[in-house]
There are 2 protein chains.
Amino acid sequence: MASPMYRQIAEDLRAQIETGTLEPGQQLRTETELGKRYGASRNTVRDAMKWLITLGVVETRPGQGTFVVKKPKPFVTTLTADPKIGPGGDEVANYGSDVEAQRRIPFNSEPQVETQKASATIAAELRVAEGSHVISRHVKRYIDDTPWSLQTSFYPMGFALKGADQLLLAEDIKIGAVKYLGETLGLQQVGYRDWITVRAPDAIEAVFFNLPQDGRIVVFENFRTGFDQTGTPMRVTVTIFPTDRNQFKVNVGNLPPEDISTE
Amino acid sequence: MASPMYRQIAEDLRAQIETGTLEPGQQLRTETELGKRYGASRNTVRDAMKWLITLGVVETRPGQGTFVVKKPKPFVTTLTADPKIGPGGDEVANYGSDVEAQRRIPFNSEPQVETQKASATIAAELRVAEGSHVISRHVKRYIDDTPWSLQTSFYPMGFALKGADQLLLAEDIKIGAVKYLGETLGLQQVGYRDWITVRAPDAIEAVFFNLPQDGRIVVFENFRTGFDQTGTPMRVTVTIFPTDRNQFKVNVGNLPPEDISTE
DNA sequence: GCAAATTTGTTCGTATGTATT
DNA sequence: CAATACATACGAACAAATTTG
């Protein structure tokens with residue numbers, strides 16, 4: 001009896017959900033009904049609900065009721081390059097093929113292109129002066145019509161001035177940005193480094209991914225810095241993935257082919 | 001007036017924390033005091049506090065008060081192998097060197113060794129029958145005395161019977177488990193695959209890492225499957241890292257040496 | 001070591017607002 | 001428009017944890 005009543009109620013309901021007595025998507029009894037059943041007031045039941053909500057197992061809809069949450073099937077992204085493509089592959093292309101292998105339909109929005117002054121983080125990764133101008137290309141990415149990731153690539157402004165002017169056009173670069181930079185500037189991406197963190201979504205991300213506003217569901221933030229043949233950073237790509245529907249794989253060394261049919 | 005009062009109070013306090021008016025570690029005024037100041041009841045202030053708690057910006061300590069949270073300095077783990085070591089390196093050794101480079105002091109508990117029946121997930125990764133026996137070796141890992149990760153490695157039971165009997169001893173394998181398997185069974189780890197997900201911590205993890213019980217702070221779960229020269233899985237290592245103090249790096253291709261002094 | 005004061009934690013009751021059916 | 005169900009807010013009381021005298 002150490003734990004307070006609202007925790008006991010929450011635990012009982014959670015157990016019912018875990019064991020499948022309550023199925024995903026199913027509606028729970030109303031708060032007043034549960035109060036009667038457990039011999040508690042409606043406010044105490046509501047405390048139990050709040051607890052279950054922060055645990056992410058139920059959600060409430062005003063005017064309707066409380067429901068067991070449905071977990072979406074995760075999207076798996078491989079961070080290491082496909083050996084057939086090598087480290088020079090394009091992010092969009094790479095991720096795309098990875099998704100197709102899972103027989104899903106990816107869709108990217110038209111890029112939104114801006115020129116900005118580099119933030120401290122971006123400047124440090126690109127090794128340019130803080131506040132110097134950079135090109136940012138932003139796309140929204142969907143899989144099977146569900147919001148999947150938000151991706152922004154940053155390039156030094158000099159690239160466009162030296163001949164890679166398509167970087168400034170708000171239009172998909174068909175051959176891929178990396179290949180385009182190779183053809184126009186002779187730059188080759190010989191490697192990249194990913195830096196993966198987890199943080200609460202900002203307001204824009206929460207809206208796009210349809211996440212609760214209170215930051216219960218967090219997002220992956222992946223900084224990918226690409227390096228050219230001289231060891232200089234040529235691009236920084238920041239991709240945001242909500243953790244509730246995304247997973248990553250990293251392949252190192254010689255691996256047998258993966259069986260994806262059972263995923 | 002669109003947003004409810006408890007959100008307005010929370011937003012005001014959050015802004016004070018963002019701008020530094022309230023510093024990390026600093027104590028907020030008591031709930032009753034804040035209620036008077038904002039013209040709200042104590043319960044409404046408490047709703048604001050709950051909101052800030054799920055946002056992760058404050059924490060309450062019964063009998064003491066409410067405090068602005070201090071964010072710990074993150075630990076960075078590189079998932080791709082050091083090129084000098086190659087994909088055959090040991091997890092413990094690999095991670096260890098990675099941490100030392102950041103001039104921190106890692107410490108591993110003595111391993112806790114058990115034989116178990118393989119769970120569905122472990123069996124699938126190791127490609128053994130579900131329910132067949134496996135050896136599990138579990139260590140608790142600290143850096144600078146703060147709990148850092150929980151790591152469990154699983155090996156097929158056959159390894160011990162065929163000569164690698166030190167796997168069953170609750171004692172550190174000095175030369176590293178991978179090298180030991182090479183010497184005793186001729187197995188070489190030629191590659192591995194990491195599979196990274198994020199989930200709420202279970203009760204044991206929450207206690208070890210000192211995380212709040214309500215699952216607000218989630219953990220990375222990294223499944224690393226190591227493969228031998230025949231392409232057969234030889235080991236599965238599951239490592240749990242709390243996301244509030246851990247980050248990952250992934251290196252692909254040819255990279256310039258990283259400047260770690262500025263981290 | 002104990003008692004008092006302080007502060008947050010839990011629970012109840014009640015009233016009113018808002019969203020959906 | 002009415003009924004239903006969750007959302008917000010107030011007030012009150014007692015419990016539990018911590019610090020201080």
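In the text below, chain A, chain B and the rest are named by the order of the sequence lines, each starting its count at 1. Treat the numbers as computed from the prediction; the structure is a model and nothing was measured. What's counted below: heavy atoms across the whole structure, side chains too, no hydrogens, waters or symmetry copies.
- Rounded to an integer number of Å, the gap from A:Glu31 CD to C:dT18 C1' is 14 Å.
- Proximity of A:Ser41 to the phosphate of C:dT11: no side-chain N or O atom is located under 4.0 Å from OP1 or OP2.
- Few gaps surround CG on A:Asp202; more than 12 heavy atoms of other groups in view lie less than 6.0 Å from it.
- Across every non-hydrogen atom of B:Ala123 and B:Glu130, the tightest pair is CB-CA, 3.6 Å.
- Ion pairing of B:Arg14 with B:Glu11 is present here, as a side-chain N (NZ or NE/NH1/NH2) and a carboxylate O approach within less than 4.0 Å.
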Protein-nucleotides 13-21 of chain D N/O pairs closer than 3.5 Å?
none

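- Applying the 4.0 Å criterion to OP1 and OP2 of D:dC6, one finds that A:Thr66 has a side-chain N or O inside that range.
- Checking the phosphate oxygens (OP1, OP2) of C:dT8, no side-chain nitrogen or oxygen of B:Arg46 falls inside 4.0 Å.
- Rounded to whole angstrom, the span from the CD atom of A:Gln213 across to the P atom of D:dA7 amounts to 15 Å.
- Atom CG of A:Asp47 and atom P of D:dC6 are 15 Å apart (whole Å).
- Taking atom OH of B:Tyr6 as the reference point, atom P of D:dA7 lies 9 Å away to the nearest angstrom.
- Between A:Trp51 atom CH2 and C:dT10 atom C1' there is a gap of 13 Å when expressed in whole angstrom units.
- As a whole-Å value, the separation of A:Gln27 CD from C:dT21 C1' is 12 Å.
- With sequence neighbours left out, B:Arg61 forms a salt bridge (charged side-chain N to carboxylate O under 4.0 Å, His left out) with B:Glu59.
- Straight-line distance from the CE atom of B:Met49 to the C1' atom of D:dA9: 16 Å, rounded to whole Å.
- A:Ser119 and A:Thr121 form no side-chain donor-acceptor contact under 3.5 Å, judged by distance and modelled atom types alone.
- Between the side chains of A:Thr66 and A:Thr60, no donor-acceptor pair is found at a separation under 3.5 Å.
- Ranking D:dA7, C:dT11, D:dC10 by closeness to the A:Thr60 side chain, first place goes to D:dA7.
- A donor-acceptor contact closer than 3.5 angstrom links the side chains of B:Asp12 and B:Gln16.
- If you measure from atom CZ of A:Arg7 to atom P of C:dT11, you get 10 Å, rounded to the nearest angstrom.
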